[in-house]
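Whatever order the structure lists them in is the order used to number ligands and atoms, beginning at 1. Positions are given from 1 along the sequence. Side-chain atoms are counted along with the backbone in the values below, which use heavy atoms only and exclude waters and symmetry mates.
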Amino acid sequence: MSFETTIVQPALRDVEPLIVGREVRVFEAIDSTNVYLRDQAHAGATEGLLAIANEQTAGRGRLGRTWNAPPDTSVLLSVLLRPTWLAVSDSFLLTMLAAVVIAEAIEDVTDLEIDVKWPNDVQINGRKVAGILVDVEMQSPDRLEWAIIGSGINVNWQPSNDPTITQSATSLAAETGKLVDRSALIRAIVQNYDRRYLMLRNGQHEALRGAWIKRLTTLGQTVSVETARETFTGIAESVAHDGGLQVRRTDGRLQTVYAGDVRVRKHDN
Ligand code: BTN
C-alpha cells in the first residue's frame, strides 16, 4: 500500500479547498518538495498546488542547511502561492501564515501546546518539532511573483537520536508518547492553510500577526544571534512591522535581524 492511498487520499477525502490544496501531487520519494514546486511555478502552475512526499532525498532547510527525515515518519509538504497582491514589505506575513497554520493543525490533532521561535521554528516547550522554508520570486522590486512555503514536521520518529541533527529537536510522538496520525495532520494543515490564506488575501493582516505574536516565545529573552557576519548577544525586544527581530545588544544598540540563527539563552536571565 502506498503513501498516497494509505495517508494522503484519506486525509483529503471530502476536503474541498478554494485555493490551497485544490491540486495535490504526492510522491513516495522526491529530492525536495520546494524544488519541485519551484520548477512547477516556472512552468506556470496555478496557485494552491500542494506537493507532499513520504521521503525527501535532498530536503532543504533554512540558511542553506539540509532537512533530514526518515521515510514514513514525517509530514513533508510545500504549497505554491501567487500572492501578487502582497507588498514585498509585507512578505513576512507568509512566514507567519505557515507557522500559525502548522501550530493550529498540530493542536487540532494532539493535546500539545505549540509555540514559535523567531522567525519560524515551530516548537513544543522550546524544542523544535517543525521547520518552515519560504522561497520567493519577485515580479518587480515591490511585488511578489510566487512564494513556495515548505514545512517539515517531525511526527513519528525521534530526531534527538539522529547524530546529524544538532539542535534540540523533538517530534509529536516523542512529546505525546504515542504515534500520531499523519493523515489527520495533513487534513488539518490543508484546511487551516486554505482558511488562513483566504483571510490574508481578504486583507486580515492584523489577525494573522496577532495569532503569530501570541505564540512567539522569543520576546523578552536573552538571545544569542548568529548572522552571516557576526555573533552577538542581547535581549529580543520586539518584532518590526516587516518581521525583523529587534535585539537590544549588550552595548545598548538596537539591531534588527532579518536572517540568522537565534538561540534563546535560558540561564542568562
Ligand atoms: C528549517 O530549516 O527549519 C526549514 C525546514 C523546511 C523543511 C521542509 S520539508 C518540505 C519542504 N521541502 C524542503 O526541501 N524543505 C521544506
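- The distance from ligand 1 to the heavy atoms of Gly59 drops below 4.0 Å at these ligand atoms: 14 (O).
- Of all the heavy atoms of Leu77, the ones lying under 4.0 Å from any atom of ligand 1 belong exclusively to the backbone.
- Of all atoms in ligand 1, listed by their number and element, those nearer than 4.0 Å to a heavy atom of Asn34 are 11 (C), 12 (N), 16 (C).
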Asn154 vs Ser74, side chain to side chain donor-acceptor pair (under 3.5 Å): CA-CA, chis, key distance, verdict: CA-CA 5 Å; Asn154 300 327; Ser74 299; 4.5 Å; no
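- The Thr33 neighbourhood of ligand 1 comprises atoms 10 (C), 11 (C), 12 (N), with distances under 4.0 Å to a heavy atom of that residue.
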Side chain to side chain donor-acceptor pair (under 3.5 Å) between Thr233 and Arg265, intermediate numbers included: CA-CA 9 Å; Thr233 302; Arg265 299 179 50 164; 3.1 Å; yes
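- With no hydrogens or angles considered, a side-chain donor-acceptor pair links Gln255 and Glu230 at under 3.5 Å.
- Summary of contacts: the protein heavy atom closest to atom 5 (C) of ligand 1 is Trp67 CE3, 3.3 Å.
- By the 3.5 Å distance cut-off applied to N or O atoms, Ser151 is not counted among the residues near ligand 1.
- Only one option out of Leu81, Val20, Val79, Val134 pairs with Leu97 in a side-chain contact (heavy atoms from CB on, under 4.5 Å); it is Leu81.
- Between Lys128, Arg62, Arg65, Arg60, it is Arg60 that holds the heavy atom closest to atom 16 (C) of ligand 1.
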Evaluation steps, salt bridge (charged side-chain N to carboxylate O under 4.0 Å, His left out), between Glu137 and Arg82: CA-CA 10 Å; Glu137 190 160 283; Arg82 293 189 179 275; over 6 Å; no
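- Checked against the 6.0 Å centroid criterion, the rings of Trp118 and Tyr258 do not qualify as a close aromatic pair.
- With Ser171 contributing its side chain and Trp157 its backbone, the two residues share a donor-acceptor pair below 3.5 Å.
- Near Ile132, meaning under 4.0 Å from any of its heavy atoms, are these atoms of ligand 1: 3 (O), 4 (C).
- For atom 8 (C) of ligand 1, the nearest non-hydrogen atom from the set Gly152, Ala58, Ala53 belongs to Gly152.
- Nearest protein neighbour of atom 12 (N) of ligand 1, counting heavy atoms only, is Gln56 OE1, 2.9 Å.
- Checked against the 6.0 Å centroid threshold, Phe3 and Phe27 do not count as a close aromatic pair.
- When non-hydrogen atoms are compared, ligand 1 lies under 4.0 Å from neither the backbone nor the side chain of Asn120.
- The ligand atoms of ligand 1 that sit less than 4.0 angstrom from a heavy atom of Ser78 are 11 (C), 12 (N).
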